[in-house]
Amino acid sequence: QVQLVESGGGLVQAGGSLRLSCAASGRTFTDATMGWFRQAPGKERTFVAAISWSTGYTYYADSVKGRFTISRDNAKNTVHLQMNSLKTEDTAVYYCAANWRRGIRIVANEYDLWGQGTQVTVSS
């Protein structure tokens, strides 16, 4: 079964850190681009960060640049999102996603596989 399983969400105070993980299984992901998206209540799902599994090239939304870091662990078939200096506006459900198209994609409907999401809540 091809799947992505996120973990690591939770409740943290503003200024704190969290590390999300996305375990990929069921097929080859070494030619995929992995992305993180988030969706706050009543809002659309928006792009956060992406990484090319083969090259390690990364791309970030302006809102998280300098605070979040996306990385991959080839041995464990896992992608991480390290989130530092968290703000209340980072509160959302965070989703891991994969696509096998060329180039870095930042539009949600260009991703082919999604995880179930993990809640991140940042309190003031």
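Residues: numbered from 1 along the sequence shown.
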Sequence neighbours excluded, every pair satisfying salt bridge (Lys or Arg N to Asp or Glu O under 4.0 Å) that has a member inside residues 78-89: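 The answer is none; no pair qualifies.
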
Considering only residues two or more places apart or on different chains, which pairs with a residue in residues 65-81 satisfy salt bridge (Lys or Arg N to Asp or Glu O under 4.0 Å)?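 Applying salt bridge (Lys or Arg N to Asp or Glu O under 4.0 Å) to every pair that reaches into residues 65-81, excluding sequence neighbours, yields Asp62-Lys65, Arg67-Asp90.
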
Results of side-chain contact (heavy atoms from CB on, under 4.5 Å) for [X] - residues two or more places apart only:
| X | answer |
| --- | --- |
| Ser71 | His80 |
| Thr88 | Ser124 |
| Ala108 | Phe37, Trp114 |
| Gln3 | Gln1, Val5, Ser25 |

Check whether [X] reaches the backbone of [Y] with its side chain - one donor and one acceptor, N or O, closer than 3.5 Å.
| X | Y | value |
| --- | --- | --- |
| Asn77 | Ala24 | yes |
| Gln39 | Val93 | no |
| Thr28 | Thr30 | no |

Under the rule for side-chain hydrogen bond (donor to acceptor under 3.5 Å, both in side chains), what residues qualify as partners of [X], not counting sequence neighbours?
| X | answer |
| --- | --- |
| Ser54 | Ser52 |
| Asn109 | none |
| Arg105 | Glu110 |
| Thr121 | Gln119 |

Run the salt bridge (charged side-chain N to carboxylate O under 4.0 Å, His left out) test against Arg101 and tell me which residues pass, sequence neighbours left out.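 Partners of Arg101 by the salt bridge (charged side-chain N to carboxylate O under 4.0 Å, His left out) criterion, ordered by chain and then number, come out as Asp112.
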
Distance in Å, [X] [atom1] paired with [Y] [atom2], rounded so as to fall on 0.5 Å steps:
| X | Y | atom1 | atom2 | result |
| --- | --- | --- | --- | --- |
| Thr33 | Tyr59 | OG1 | OH | 13.5 Å |
| Asn99 | Asp31 | CG | CG | 10.0 Å |
| Glu6 | Cys96 | CD | SG | 5.5 Å |
| Asn84 | Gln82 | CG | CD | 4.5 Å |

Tell me who clusters with Trp100, hydrophobic residues only, linked when side chains sit under 4.5 Å apart either directly or through other members.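 Val2, Leu4, Val12, Leu18, Leu20, Phe29, Met34, Trp36, Val48, Ile51, Trp53, Tyr60, Val64, Phe68, Ile70, Val79, Leu81, Met83, Leu86, Tyr94, Leu113, Val120, Val122, all in the cluster of Trp100.
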
Are the side chains of Arg38 and Tyr95 in contact, using a 4.5 Å heavy-atom criterion?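 Result no, sub-4.5 Å side-chain heavy-atom pair not found.
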
For Ala50 and Tyr111, work out which heavy atoms get closest and say how close.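 The pair with the smallest heavy-atom distance is CB-OH, 3.8 Å.
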
Compare every heavy atom of Ala92 with every heavy atom of Ala40, then report the nearest pair and how far apart it is.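 Nearest pair, atom of Ala40 first, then Ala92: N-CB, 3.8 Å.
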
